[in-house]
Amino acid sequence: MANAYHHAVSSARRFGGTPEAYQPIHDWLDASKMIIADFRHRALRHHAEGCFAAEALFGTTITNSDGRAIPVRLIAEQHILEDLGRIPSFADWVRCIRPVPWMARAGTNLDGGEVDHG
Ligand SMILES: [Zn+2]
């Protein structure tokens, strides 16, 4: 599923009401497309911690147009499951980052140990 609007339509089908109540959560999840335009944008928020971050930002629940309280984490999980087929951890994303020297410049080597600056 490529567009936040289609995720909102899917939320309305699943949880009731109209898509508008769900749109801000799906927009926030996919706002990382401003950083990188391909699927790698998902590394920023499409993971378990991203579901909790959505909850911290939007509250425990939102009220849909039917007047029902819907848990924000369930909405975020639905979005991620539709995009990825699973909810990865952030660690799953990090394991896919190829370490390069500039990442360790702050004084540790790639194994996390101290760098001897001689
Ligand atoms: Zn997405």
Side-chain angles (χ1 to χ4, degrees):
M1 194 165 289
N3 189 284
Y5 172 73
H6 294 114
H7 286 293
V9 170
S10 177
S11 291
R13 267 197 300 267
R14 178 170 177 186
F15 300 112
T18 59
E20 288 74 20
Y22 306 100
Q23 190 71 50
I25 297 166
H26 296 297
D27 286 342
W28 178 80
L29 281 161
D30 282 345
S32 49
K33 290 177 181 174
M34 288 188 288
I35 299 167
I36 183 164
D38 68 38
F39 63 86
R40 291 174 293 177
H41 82 88
R42 294 170 174 161
L44 191 66
R45 294 176 178 161
H46 289 51
H47 44 69
E49 194 278 339
C51 296
F52 282 81
E55 184 179 59
L57 187 63
F58 294 98
T60 304
T61 62
I62 61 162
T63 302
N64 71 12
S65 63
D66 289 343
R68 285 184 55 212
I70 308 297
V72 166
R73 276 210 334 262
L74 290 182
I75 299 164
E77 288 172 3
Q78 167 235 317
H79 180 122
I80 295 167
L81 286 169
E82 287 171 349
D83 278 351
L84 303 176
R86 61 188 285 254
I87 300 175
S89 69
F90 181 66
D92 292 327
W93 286 102
V94 168
R95 276 191 284 276
C96 297
I97 296 174
R98 184 175 53 87
V100 292
W102 67 262
M103 295 176 182
R105 185 172 164 83
T108 58
N109 64 28
L110 294 177
D111 296 324
E114 291 295 315
V115 172
D116 180 10
H117 292 289

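Both counts, for ligands and for their atoms, begin at 1 and track the order of listing. The analysis underlying the following values was restricted to heavy atoms, covering all of them including side chains, and did not include hydrogens, waters or symmetry mates. Computed from a predicted model, the values in this text were never measured in an experiment.
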Measure from the Zn ion (ligand 1) to each N, O or S atom of His79 and report whether any distance is below 2.8 Å.
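It does: His79 brings an N, O or S atom closer than 2.8 Å to the Zn ion (ligand 1).
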Would one find an N, O or S atom of His46, in either backbone or side chain, under 2.8 Å from the Zn ion (ligand 1)?
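A backbone or side-chain N, O or S atom of His46 is under 2.8 Å from the Zn ion (ligand 1).
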Among the N, O or S atoms of Asp83, the one nearest the Zn ion (ligand 1)
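Output for this pair reads OD2.
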Atom name of the N, O or S atom in Asp30 that lies nearest to the Zn ion (ligand 1):
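Atom name of the closest N, O or S in Asp30: OD1.
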Could you work out, with side-chain hydrogen bond (donor to acceptor under 3.5 Å, both in side chains) as the rule, every residue matching Arg73, not counting sequence neighbours?
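Only Glu55 meet the side-chain hydrogen bond (donor to acceptor under 3.5 Å, both in side chains) criterion with Arg73.
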Short side-chain to backbone donor-acceptor contact, Gln78 and His7, under 3.5 Å:
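Here the side-chain-to-backbone pair exists.
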Among all residues two or more places apart in sequence or in another chain, which pass the salt bridge (Lys or Arg N to Asp or Glu O under 4.0 Å) test with Arg40?
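Partners of Arg40 by the salt bridge (Lys or Arg N to Asp or Glu O under 4.0 Å) criterion, ordered by chain and then number, come out as Asp38.
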With clusters defined by side-chain heavy atoms of hydrophobic residues (ILVMFWY) lying less than 4.5 Å apart, directly or transitively, does Ile75 cluster with Phe52?
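Looking at the clustering, Ile75 is in a separate group from Phe52.
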